[in-house]
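Some notes on the structure that comes next.
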Amino acid sequence: MENEVKKKYKSTFKLGSQQLVALGALIVLYLYFFTMSPSFRSINTLASIFDSAYYIGFLAIGVTFVIATGGIDLSLGTVLITSALTGGWLYHNYSLPMWMTIIITILVGTMFGLLNGVLVAKLKIAPFIATLGTQMVARGLGSIITNVQTVVFPLRNSPDGWYKSIFKTSNNFPTGIFVLIFFAIVMGIILAKTKVGRYILALGSNEEATRLSGVNVDRYKLISYVISGFFMGLAGVAYASTYTTILPGEGLGFELDAIAGVIIGGTSLVGGVASITGTMIGVMIMAVLQTGLPYIGLQPHYQVLITGIVILVAVLADVYKFKWRK
Amino acid sequence: MENEVKKKYKSTFKLGSQQLVALGALIVLYLYFFTMSPSFRSINTLASIFDSAYYIGFLAIGVTFVIATGGIDLSLGTVLITSALTGGWLYHNYSLPMWMTIIITILVGTMFGLLNGVLVAKLKIAPFIATLGTQMVARGLGSIITNVQTVVFPLRNSPDGWYKSIFKTSNNFPTGIFVLIFFAIVMGIILAKTKVGRYILALGSNEEATRLSGVNVDRYKLISYVISGFFMGLAGVAYASTYTTILPGEGLGFELDAIAGVIIGGTSLVGGVASITGTMIGVMIMAVLQTGLPYIGLQPHYQVLITGIVILVAVLADVYKFKWRK
Amino acid sequence: GENDTSSNGSSNENGEKLHIEVVAKGFQHQFWTAVSEGAEQAASDFGVTMNFTGPANETAIQEQNQMLSNAINQSPAAIALASLDTESQIDLISQAQNSGIPIIGFDSGVPGAPEGSITANASTDNYAAAELGAENIFDAISEDVDNATTEASVRIGIVSQEVNSMSIRTRTEGFMDRIVELVATSDNVSEEEIAIVGHDRYNNGVSENDAKVVVELQVPAQATDAAIQVSAQTLFNKPDLIAIFGTNELGGNGIINANQATGNRLQTDVVGGGFDSGALQIDAVRNGVLHGAITQNPVQIGYMAIELAVKAVNGEDVSDVDTGAVWYNASNVDSEDVQALLYE
Amino acid sequence: MSSTLLEMSGIEKSFGTNKVLKGVNFELMPGEVHALMGENGAGKSTLMKILTGIHKRNAGKVAYMGEQKEYTDPKESQLDGIAIVHQELNMMKDLTVAENIYIGREEVNKGFINDHVAIEKTEQLFERLKVNISPTEKVDHLTVGQQQMVEIAKAISMDAKLIVFDEPTAALTEKEINELFKIIEDLRKKGIGIIYISHRMNEIKKITDRITVLRDGEYIGTVLTEEVTKDEIINMMVGRSLSEDPKQRSNVSPNAEEVLKVVGLKVGNTVIDVSFNLKKGEIVGFSGLMGAGRTEVARAIFGADKRDHGDIYINGKQVNIRNTHDAVKHGIGYLSEDRRRYGLVTGFSIADNVVMSALSNYSSNGIIQDHKVHQESEKYRRKMKVKSTSSTQIVRSLSGGNQQKVVIAKWLVRDSDIIIFDEPTRGIDVGAKSEIYDLMNELVNQGKSIIMISSELTEILRMSDRVVVMCEGRITGELPIENATQEKIMELATDRKEM
Ligand SMILES: Nc1ncnc2c1ncn2[C@@H]1O[C@H](COP(=O)(O)OP(=O)(O)OP(=O)(O)O)[C@@H](O)[C@H]1O
Ligand SMILES: Nc1ncnc2c1ncn2[C@@H]1O[C@H](COP(=O)(O)OP(=O)(O)OP(=O)(O)O)[C@@H](O)[C@H]1O
Ligand SMILES: [Mg+2]
Ligand SMILES: [Mg+2]
């Protein structure tokens with residue numbers, strides 16, 4: 001039991017008990033929809049599931065690092081939208097090449113991550129408050145930059161439409177899942193096998209002790225928010241690629257979906273323990289639920305209700321798992 | 001310096017330094033709009049400011065207790081709406097008298113508060129997660145109960161329209177401000193002068209030490225969520241009275257406004273320190289901003305931006321006030 | 001036009017320009033940008049000043065109330081209002097009435113407002129516009145309907161971003177009512193053989209198993225691109241789908257995105273229709289992906305709102321104006337008439 | 001002079017208006033073990049934190065290996081070869097033992113951490129220190145004593161030229177302490193300078209070469225250990241002398257009534273079938289090695305942890321204690337072994353902490369009567385000589401010993417009949433220690449009863465009327481004070497059973 005907890009953050013891709021439970025739940029859920037609805041069985045449905053997993057998945061990977069420090073990031077959703085709005089707006093107004101638009105979108109997200117990092121690590125504002133402030137600032141700025149107008153990214157058949165193939169080929173093959181898995185693996189390794197990851201987990205576990213060990217905790221805290229920012233930008237690209245049009249004012253609430261995925265995946269909000277694999281499983285559970293429930297005739301409000309219950313059950317299962325064992 | 005921290009939790013209505021700064025900011029803001037815009041000067045504008053302060057104000061008073069324990073409540077907004085939806089729906093379907101509708105609305109809020117309390121205090125789920133779950137559950141249930149239909153409370157000129165006069169007389173006098181102040185005073189006394197308040201602050205400061213002093217901390221934690229729940233219900237009544245129509249699915253985001261008000265008022269998210277007076281000042285700052293900015297020609301997105309900046313500045317001012325002193 | 005005050009005497013006794021407050025339903029959709037452009041044009045033509053505002057999204061009743069309240073407190077010469085919810089604004093509307101501020105309804109107007117409180121409306125008849133969509137789509141699927149059986153039923157999908165705000169709800173109902181009516185004209189199908197499913201509000205109790213034609217309404221959990229795409233995908237993934245209709249720009253975009261995500265059925269066996277324009281929908285109509293879409297005349301709506309307001313202030317007799325709606329498809333999308341109604 | 005390793009002179013430090021160091025001098029030679037002594041709050045830890053760059057000094061000079069230094073970050077002093085074992089534990093509980101020891105010094109290969117190196121090195125280190133802990137164990141699962149050993153191992157692993165031990169033995173058993181002393185002897189031979197802070201006179205006499213004494217932030221003087229007696233040191237520290245003699249015989253009459261009886265207590269596998277009783281006016285000392293389960297017994301009786309089995313009788317009647325609230329209602333009070341974490345709401349004032357368990361007595365109609373609270377807490381503050389400006393002072397700003405007095409006052413205000421003292425003098429100076437002993441004696445004279453858990457045998461022998469010894473969760477013996485000796489207790493404390 002003790003060694004298991006240890007493995008959770010040590011071994012890069014081995015699954016702790018909570019991840020196994022989550023994985024089991026994911027498989028059961030998928031099979032349930034598969035059995036209940038014939039139209040769920042198509043490859044297109046799988047592609048739909050992935051579509052809704054990309055942007056939440058990126059947000060969730062990034063915020064896992066912040067949560068590992070014991071922090072939280074409420075700005076995920078609005079920064080995603082503001083990054084995409086800024087990128088798309090520059091694309092239209094300065095006829096940027098598409099590759100540069102993508103880089104700028106990621107950069108804008110990263111800059112907001114840096115802002116969060118400075119507010120939390122340097123100016124010592126509590127993460128909840130700092131990122132709540134950034135959430136509002138980003139939402140306001142996005143609207144101001146675009147003058148509250150929708151930004152449309154290039155369509156697939158337009159000259160600059162190639163970027164859409166990053167996440168899905170024109171014959172509907174979900175290439176994006178490889179992009180997502182690639183980043184999950186890279187970040188999983190960074191979390192488990194590098195100094196950045198180690199120090200982030202250490203300071204999430206006991207910040208003062210980590211500081212007294214001579215680690216520059218402020219720097220690593222800041223890095224965690226910058227990582228989160230980078231992934232907000234990347235999520236912005238995924239979002240633009242999947243949905244083409246970006247509405248100013250959208251995005252609020254995405255952060256809760258992403259954080260829910262992280263929680264279901266077994267990362268503790270207390271900090272010090274984190275699993276990218278778990279996060280990916282959590283995100284897939286949310287995506288399967290979101291895509292699958294309409295197939296068995298459940299309306300959106302039931303989806304919200306069920307997602308809420310899933311979060312509570314997942315966490316209760318974690319809290320009580322040791323008791324069950326006995 | 002240390003004595004100041006003490007005053008903050010002890011004195012009922014004395015203002016700590018952060019409250020004084022916030023009060024100053026409130027006055028400056030009001031005077032600014034007053035000078036800049038002639039039409040801002042009317043009594044009707046004041047009434048509008050209060051209108052938008054009622055429901056956020058009630059939410060904020062309640063959640064101050066939860067935050068004082070070191071917890072958080074993300075379910076405020078959706079529970080407010082679900083309470084009002086349930087009350088209004090029963091009113092229409094079972095021809096309840098209006099007074100009973102009001103009581104039921106408050107009761108529904110209180111029940112959700114109890115649910116939060118049980119999840120956090122008894123089942124030991126982290127407050128962020130527990131109330132995130134409740135947020136979704138409440139949102140789903142509200143839609144299911146009302147069959148996703150708008151619920152309309154009685155209009156002022158209808159036989160049951162008297163309840164509207166609780167918050168505003170027919171000639172536009174904002175009586176609600178007295179209701180709000182009444183509850184602020186009562187809750188301020190409870191926080192500063194009773195066992196419930198003292199133990200809530202104590203457990204927010206050091207839960208384990210409080211428990212080992214023979215205090216049933218679970219009970220007081222639960223009480224804090226029930227208080228928050230009661231005020232969600234009350235806020236539901238205020239909302240229905242001010243806006244008449246309740247849309248299922250609305251409400252998400254109100255919790256952030258309320259929490260922002262609490263933060264601006266100087267209550268720390270760490271727990272152990274809280275001020276109802278500060279919360280009221282924070283809420284009024286938000287209401288003045290929201291109402292005032294359009295008078296100087298600023299669009300809603302600027303309001304969001306500015307609110308975000310105000311939150312950050314308020315907290316920075318708190319963090320750095322000791323440095324300024326020197 | 002800034003100093004063009006002569007034509008209609010659009011200034012008060014002090015010689016200051018008349019001021020009109022415009023409270024719209026939102027900002028973010030390109031539709032509203034076009035409305036505000038029309039309003040600005042009119043303001044400059046009539047020499048009045050105008051403040052155009054609107055809430056963050058079309059479910060934010062409370063935010064719009066706040067805006068209306070602010071607008072009244074500014075004591076403008078007139079207010080143009082596209083109400084999200086009339087009932088919650090009754091107090092405010094009568095407050096405006098008492099202060100002698102005329103209110104002009106625009107877009108979907110202020111339905112159900114007390115007699116005499118709204119001076120005039122510049123609005124689209126959303127119900128009729130959606131009926132137009134139903135008619136055009138039915139033409140393309142009538143053969144399928146004639147061949148439908150209870151074993152091999154066919155499905156007509158509707159994607160609506162929500163069903164609470166008046167305009168979207170009216171469109172949803174307009175399309176639904178008319179398509180059911182048209183389907184029932186087929187000799188093959190009786191009204192009892194049409195199942196309306198997908199939303200508790202409209203379910204007609206007919207089981208899908210007993211129906212030859214299923215009309216299914218999908219509403220997303222949130223009014224976002226991501227969520228509405230999921231709603232549309234759910235429909236596309238049902239093999240018996242033959243037609244799909246989106247009731248606004250978000251719905252149309254959702255259908256187009258979902259179509260790409262689920263194997264491009266719009267190009268083969270499903271007839272798609274949309275509402276309003278925007279780059280994505282125009283492109284889809286032009287390429288024949290969408291069978292067609294309905295466009296209102298947003299510029300005209302904005303323009304007429306201001307024009308009616310100015311006239312009302314000047315004591316002229318004003319009455320409701322229907323700003324009209326047009327079905328556009330691949331054949332007429334690039335015509336001059338239609339182009340004037342479209343916005344990217 | 002050129003061989004001096006460290007020279008601190010005229011060090012001054014203030015926190016706000018509180019001047020805690022007033023011109024302190026300190027000198028350390030290579031290969032020297034130099035004790036730093038002084039009452040609680042004298043400024044020992046603060047001086048060390050200035051040396052290692054955690055706090056910034058207001059005035060004074062620090063010369064290390066002949067160079068002037070002003071560290072602003074612990075990393076800098078670490079790089080210069082200064083290691084410290086802090087008074088408080090500083091562990092990253094979610095990381096493993098090896099990861100904790102080598103944090104900040106990981107073996108990195110092409111950007112990837114190689115943990116095998118750290119694990120191997122830790123194994124070697126533990127072998128040398130004769131510590132039996134797995135390097136891959138999660139620190140969260142270690143006892144306080146084991147964690148302390150890991151901290152010590154970490155400091156030693158740094159190959160430092162100067163090591164500070166700030167009360168390293170507070171959580172250690174005699175056996176471990178002896179191992180530690182061997183290690184210190186070893187280090188000394190290698191020419192490493194050691195600063196050793198402790199309140200335990202025996203240790204100081206045994207291993208140190210020189211002693212520097214602080215009092216209230218002032219530098220009192222430096223003496224050679226072999227040239228001074230215990231009493232002389234105590235005199236320097238407090239200005240008076242105290243005795244540490246064992247108790248001769250119990251003052252409790254054999255037929256005194258039984259106030260507490262515990263039968264068959266079981267908690268997981270940390271407390272197994274524990275039964276004992278406590279008489280009115282008696283002090284029962286609980287002795288044992290680290291991890292013997294004494295704290296667990298106390299917490300289970302107090303309702304802080306759930307017990308699996310076991311009946312508790314108070315004054316002959318069986319009671320059902322489900323939580324701490326029940327326990328307090330039945331007249332039990334508990335001073336935990338970690339007062340900062342478990343004893344006090346440090347952000348509250350002295351007054352509010354003192355009345356914490358008895359708030360109802362100071363309320364009327366549900367409203368707390370502030371003047372009553374103030375009166376009562378002032379009374380106890382004076383009576384117990386809590387060094388403070390007034391009872392409105394925030395507890396966080398008090399030193400360890402004074403904080404402990406506030407915790408005791410809390411249970412006196414509550415008028416508890418049975419008080420459990422868990423390591424009541426851990427990390428407390430001799431002056432405050434003797435005051436606390438006097439208080440305990442006064443309490444039993446008033447007819448209250450005390451369970452005292454202590455790892456210091458001298459303390460057990462000095463205070464107890466009866467000694468209960470535990471080993472691995474079981475009670476292995478009970479000795480009336482007349483028969484108790486250090487040897488007998490140690491024998492029982494190591495009486496391991498086959499499981
Ligand atoms: N961070 C701080 N802020 C304010 N006061 C402090 C701080 N740290 C220590 N003090 C105060 O400085 C004084 C010296 O404390 P210090 O911890 O150095 O004493 P000590 O000699 O180590 O005592 P002990 O034997 O109890 O560990 C005490 O009065 C303490 O309250
Ligand atoms: N949180 C915990 N999780 C798992 N085991 C624990 C925990 N706390 C204590 N233990 C185990 O319980 C046993 C008893 O520990 P306890 O602290 O009660 O001993 P003690 O006799 O009071 O020793 P000390 O003198 O160190 O205070 C030890 O074996 C310890 O490892
Ligand atoms: Mg110390
Ligand atoms: Mg112990």
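In what follows, chains carry the letters A, B, and so on, assigned in the order in which the sequence lines appear, proteins first and then strands, with residues in each chain numbered from 1. On a predicted model such as this, the values are computed, not experimentally measured, just so you know.
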* **Neighbour count >12 (heavy atoms, 6.0 Å) for atom NZ, Lys124(A)** => yes
* Apply ring pair (Phe, Tyr, Trp, His ring centres under 6.0 Å) to Tyr199(A) and list each qualifying residue two or more places apart in sequence or on a separate chain. => Tyr220(A)
* To do: Decide if atom NZ of Lys56(D) counts as having more than 12 heavy atoms of other residues, nucleotides or ligands within a radius under 6.0 Å.
  => no
* **Residues of residues 107-116 of chain A near chain D, each having a heavy atom less than 4.5 Å away** => none
* So, do Ser213(A) and Arg105(D) sit near enough that their side-chain heavy atoms are less than 4.5 Å apart? -> no
* Heavy atoms only, distances under 4.5 angstrom: which of Gly53(D), Gly111(D), Ser134(D), Gly104(D) has the most pairs with chain A? Name it, please. => Gly104(D)
* **Rounded distance [0.5 Å steps], OG1 in Thr52(D) versus CG in Leu212(A)** => 8.0 Å
* **Closest-packed option against chain D by number of heavy-atom pairs under 4.5 Å, given Ser205(A), Ala202(A), Gly214(A)** => Ser205(A)
* Structure fact -> Counting heavy-atom pairs under 4.5 angstrom with chain A, the leader among Met91(D), Glu106(D), Lys93(D), Met92(D) is Met92(D)
* To do: Please name all residues satisfying side chain to side chain contact (heavy atoms under 4.5 Å, CB included) with Lys13(D), sequence neighbours left out, ordered by chain then number.
  => Phe15(D), Val20(D), Leu21(D), Thr46(D), Ile50(D), His55(D), Asn58(D)
* To do: With rounding to the nearest 0.5 Å, note down the distance linking CG in Asp115(D) to NZ in Lys193(A).
  => 6.0 Å
* Could you check if a side-chain atom of Leu95(D) sits within less than 4.5 angstrom of a side-chain atom of Arg198(A), using non-hydrogen atoms only? => yes
* Please state whether the side chain, the backbone, both or neither of Ile103(D) comes within less than 4.5 Å of a heavy atom of chain A. => both
* To do: Select all residues of residues 67-79 of chain D having any heavy atom within less than 4.5 Å of some heavy atom of chain A, and report them by number, or 'none'.
  => Pro74(D), Lys75(D), Gln78(D)
